[in-house]
Amino acid sequence: KAAHAAYGDKVAFLGINVTVNQTPQRVRKYLAEHKPPFRTLYDDRGTSIRAYGVPSTSFIAVVSKEGKVIYTGLGSDQNLDPVLRQVTAQ
């Protein structure tokens with residue numbers, strides 16, 4: 001949420017839920033309770049897992065406007081400021 005608050009007017013944030021331990025109903029419940037400030041998608045075919053080589057849940061990928069992956073990381077305690085500053089400076 002902090003990254004979205006700081007950079008949400010300059011970059012697009014997407015949450016992508018996958019079928020690993022998730023159902024559409026569980027995702028809807030989570031969204032209703034937590035109200036993330038970004039668009040959330042449900043990937044029922046695992047396309048995003050294969051496309052970005054996702055090793056587990058809570059995976060973050062930052063993609064440049066050219067479509068190049070410039071950052072990947074796991075977990076919610078990542079400092080995204082440097083990479084988001086880089087993306088928004090381009």
Side-chain angles (χ1 to χ4, degrees):
K1 288 184 178 181
H4 185 272
Y7 298 96
D9 61 337
K10 298 177 183 136
V11 297
F13 287 84
L14 296 174
I16 302 175
N17 291 279
V18 295
T19 55
V20 178
N21 297 323
Q22 296 295 332
T23 64
Q25 295 80 11
R26 284 183 69 187
V27 171
R28 280 192 288 276
K29 181 180 177 186
Y30 176 87
L31 295 174
E33 289 175 7
H34 297 279
K35 297 179 179 34
F38 45 80
R39 185 172 177 201
T40 302
L41 308 172
Y42 185 76
D43 179 4
D44 62 350
R45 295 189 177 152
T47 304
S48 59
I49 292 172
R50 291 186 302 279
Y52 293 100
V54 176
S56 70
T57 57
S58 296
F59 178 79
I60 293 176
V62 177
V63 182
S64 71
K65 62 183 174 184
E66 293 82 17
K68 181 180 176 187
V69 176
I70 59 171
Y71 174 86
T72 61
L74 290 173
S76 61
D77 293 332
Q78 298 175 59
N79 180 7
L80 298 174
D81 278 335
V83 71
L84 291 174
R85 268 191 257 119
Q86 176 188 346
V87 168
T88 56
Q90 296 177 347

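What you are looking at is a predicted structure, and each value in this text was computed from that prediction instead of being measured.
E33 is linked by a side-chain contact (heavy atoms from CB on, under 4.5 Å) to K29, counting only residues two or more places apart in sequence or in another chain. Remark: T72 pairs with F59, A61, V69 by the side-chain contact (heavy atoms from CB on, under 4.5 Å) rule, at least two apart or across chains. Remark: R50 engages T47 in a side-chain contact (heavy atoms from CB on, under 4.5 Å) (not counting sequence neighbours). With sequence neighbours left out, the ring pair (Phe, Tyr, Trp, His ring centres under 6.0 Å) criterion links Y52 to no other residue.
The main-chain N or O of V27 is never found under 3.5 Å from a side-chain atom of N17 such that the two would form a donor-acceptor pair.
The nearest pair of heavy atoms linking V54 to S48 is CG2-O, 3.8 Å.
Taken together through direct or relayed side-chain contacts under 4.5 Å among Ile, Leu, Val, Met, Phe, Trp and Tyr, F13 and I60 form part of one hydrophobic cluster.
Residues in residues 19-46 take part in these ring-ring contact (aromatic ring centres under 6.0 Å, His included) pairs, two or more places apart or across chains: Y30-H34.
Atom NE2 of H4 sits about 9.0 Å away from atom CG of D9, to the nearest 0.5 Å.
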Which atom pairs, donor and acceptor, lie under 3.5 Å between side-chain atoms of residues 75-88 and protein residues at least two apart or in another chain?
| from | atom 1 | to | atom 2 | distance (Å) |
| --- | --- | --- | --- | --- |
| Q78 | OE1 | Y71 | OH | 2.5 |
| Q78 | NE2 | L74 | O | 3.2 |
| Q78 | NE2 | G75 | O | 2.5 |
| N79 | OD1 | D81 | N | 3.2 |
| D81 | OD1 | Y7 | OH | 3.4 |
| T88 | OG1 | L84 | O | 2.9 |
| T88 | OG1 | R85 | O | 3.2 |

